[in-house]
Amino acid sequence: MSVFDTLKERGYLEQCTHEEEIRELLESGPVKFYIGFDPTADSLHIGHFIQIMVMAHMQRAGHIPVALIGGGTTMIGDPSGRSDMRQVMTQERIAQNGEMFKKVFEKFLTFEDDRALMVNNADWILDLNYINFIRDVGSYFSVNQMLAAECYKNRMEKGLTFLEFNYMLLQAYDFYRLHEDYGVQMQFGGNDQWSNIIAGVNLTRKKSGADVYGMTFSLLTTSEGIKMGKTAKGALWLDAEKTSPYEFYQYWRNIADADVEKCLALLTFLPMDEVRRLGSYKDEKINESKETLAFEVTKMIHGEEEAVKAQEASRALFKGGPDSSDVPTVTITAEELGDGLDILTILDKAGLISSKSEGRRLVQQNGIAVDGTKVTDIAQVFTPDDFSDGLLIKKGKKIYKKVTVA
RNA sequence: GGGAGAAUGCCCGAGUGGCUAAAGGGGGCGGACUGUAAAUCCGUUGGCUCAGCCUACGAUGGUUCGAAUCCAUCUUCUCCCA
């Protein structure tokens, strides 16, 4: 089966410019393709992971991924899918973030023997000459068409700066340069990138007269159409420092029934018959599929060891009761503990609450249990004796935190 | 550059001098029910040394016994004209 069909079958594919030609191209030999990543944060989140999976599938099929770091384009900020202007970042931050990205990519792709490349568009964008650029590139764009593009539409109401309006030209120019300098023939991206990708395809075709293509992939959304990967603390990060493996595991363990099959197909390498089998489970049995999903995805991001730990911790907590050593742990000093601390202070130190009032509310609403016993008194004090094995605090139904004394 | 309007709690959005820690909705959190799902229902949602106090309606200053509400200046945003 060709990669094209694989990508299609697993549900990555959303739109493509020339289906027949693309299929042929991909079957005829190694193809260089690129995906852009804007280094606006120092870690990648789950949305980027889909793109990484696509690169991995493609590399496995012998094609060559080019990961483009948008060091230059980030100076402008992509208005797609944004209702407000992006924050402008310093060049140092951007470069630093780009480095972090590469580390993640290396887990899924091999960069050996140029089997994958990583380039930064700052290399050609930063010293563009304005007049030359608008003459060479700007003349190929129709403002009328641009304004009709989906990505600018919702900004027409809120206001769109000229700075951001130029983003499309730069991304299109990227494709042109990558084609000229590296022989890149295709651009991939999230479905929100469709307008920008077409712009690049059109520009390159017009300027170089070459056949280049574009494809977009589904954004990870829930069955209700909401973007996935949002947690209470923000995005679901791939960096263990920002989202612990346990939290990460729990996110997938708690996914909606309807999304299980889609996630398995998009986020794991499990064979499709397996995916379909797991996705067809009903009622309580689908929990098994969710475990598989959570385990597989966690394994890919954080490694097998962490995945096993996360799985054991979660099984122990939910099935066998509150007794596990692999729960996120917070350590306080004996000095801080003194002769004992009240529950609100402990919750605060454990990072479970953002204010004492919140803690009060939780206790009053029966949302806190310590070592399996509900705490009902907001003044309850825990002494060093209670801490002999550490305290296992349960907040709500699913959040556990262990507090130990050092 | 000229003119008109807007700024309220996490978000949207009521509120035009005391009854406003501020309606309503969304989201979040907790509880019930469950399958660590969804839906539903109930409660809660500024902070604290919590029957009380403090801080809050873009910013600063003013009027008043009393201001989110009135006045002045400033800031930001939107719209119309150029």
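Chain naming here is simple, since letters A, B, ... match the order of the sequence lines and numbering starts at 1 in each.
With both ends at atom C1', the span from B:A23 to B:G15 equals 8 Å, rounded to whole Å. Taking atom C1' in both B:G24 and B:C74, the straight-line distance is 33 Å, to the nearest Å. When the C1' atom is compared between B:G17 and B:G31, the two are found 41 Å apart, to the nearest whole Å. On the P atoms, B:A68 is 9 Å away from B:A21, given to the nearest whole Å. Between B:U64 and B:G1, the distance separating the two C1' atoms is 40 Å to the nearest Å. Distance check on atom C1': B:C81 versus B:U45 gives 46 Å, rounded to whole Å. To the nearest whole angstrom, the two C1' atoms, one in B:G30 and one in B:U16, are 38 Å apart. Rounded to whole Å, the P atom of B:U69 lies 13 Å from the corresponding atom of B:U8.
Aromatic ring centres of A:Phe295 and A:Tyr249 lie farther apart than the 6.0 Å criterion allows. Aromatic rings of A:His302 and A:Phe248 (six-membered ring for Trp) have centroids within the 6.0 Å cut-off, being under it.
Atoms NZ (A:Lys374) and P (B:G30) sit 12 Å apart, rounded to a whole Å. The nearest whole Å value for the distance from the CD1 atom in A:Ile255 to the P atom in B:U36 is 16 Å. Distance, A:Lys398 NZ to B:G28 C1': 14 Å, rounded to whole Å. Summarising the geometry, the separation between CG on A:Asn254 and P on B:G28 is reported as 14 Å, rounded to the nearest angstrom. If you measure from atom CD of A:Gln364 to atom P of B:U45, you get 10 Å, rounded to the nearest angstrom. The distance between atom NZ of A:Lys394 and atom P of B:C29, rounded to the nearest whole Å, is 16 Å. Note: CD1 (A:Ile368) to P (B:G43) measures 21 Å, nearest angstrom. When the C1' atom of B:U34 is taken as reference, atom CG of A:Asp257 falls 12 Å away, rounded to whole Å.
Base pairing analysis places B:G52 opposite B:C48; the two distances defining the Watson-Crick or G-U wobble pair are each below 3.5 Å. Judged by Watson-Crick or G-U wobble contacts below 3.5 Å, the nucleotide B:U76 has B:A6 as its partner. Within the shown strands, nothing qualifies as a pairing partner of B:U16 under the Watson-Crick or G-U definition with both distances less than 3.5 Å. Pairing of B:U64, defined by two Watson-Crick or G-U wobble distances under 3.5 Å, is not identified with any nucleotide. The base-pairing partner of B:G43, taking Watson-Crick or G-U wobble contacts with both distances under 3.5 Å, is B:C29. In this structure, B:A21 forms no base pair with any nucleotide, since neither Watson-Crick nor G-U wobble geometry is met with both distances under 3.5 Å.
If you check distances only, the side chain of A:Gln365 never reaches the base of B:G31 with a donor-acceptor pair under 3.5 Å. For A:Ser314 and B:U36, a side-chain-to-base donor-acceptor distance below 3.5 Å is present, hydrogens and geometry of angles not being considered.
Applying the 4.0 Å criterion to OP1 and OP2 of B:G47, one finds that A:Arg361 has a side-chain N or O inside that range. The side chain of A:Lys397 contributes no N or O atom lying less than 4.0 Å from OP1 or OP2 of B:G35.
Within 4.0 Å of A:Arg253, counting heavy atoms only, lies at least one base atom of the nucleic acid. Contacts of A:Asn366 with the nucleic acid, taken as non-hydrogen atoms under 4.0 Å apart, involve only primed sugar atoms and P, OP1 or OP2. Within 4.0 Å of A:Ser355, counting heavy atoms only, lie sugar-phosphate atoms of the nucleic acid but no base atom. A:Glu358 comes within 4.0 angstrom of nothing in the nucleic acid, heavy atoms only.
A donor-acceptor pair under 3.5 Å links the side-chain atoms of A:Ser280 to the main chain of A:Arg277, judged by distance alone.
In this structure, the nucleotide among B:A37, B:G30, B:U49 sitting nearest to the side chain of A:Lys290 is B:A37. Distances were taken from every side-chain heavy atom of A:Leu362 (C-beta onward) to each of B:C29, B:G35, B:G47; the shortest belongs to B:C29.
Taking 4.0 Å as the cut-off between side-chain N and carboxylate O, A:Arg115 and A:Glu112 do not count as a salt-bridged pair.
Here the CG atom belonging to A:Leu270 is positioned 7.0 Å from the CG atom belonging to A:Leu278, to the nearest 0.5 angstrom.
Because its NZ or CZ atom is both nearer than 6.0 Å to the ring centre of A:Tyr281 and within 45° of the ring axis, A:Lys285 counts as a cation-pi partner of that residue.
Closest-nucleotide positions on RNA chain B for A:Ile399 and A:Glu291 were compared, and the one nearer the 5' end corresponds to A:Ile399.
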Please list every donor-acceptor pair under 3.5 Å in which a side-chain atom of residues 334-341 of chain A meets a protein atom from a residue at least two apart or in another chain.
unit_1   : atom_1 : unit_2   : atom_2 : d
A:Glu336 : OE1    : A:Thr333 : N      : 3.0
A:Glu336 : OE1    : A:Thr333 : OG1    : 3.4
A:Glu336 : OE2    : A:Lys349 : NZ     : 3.2

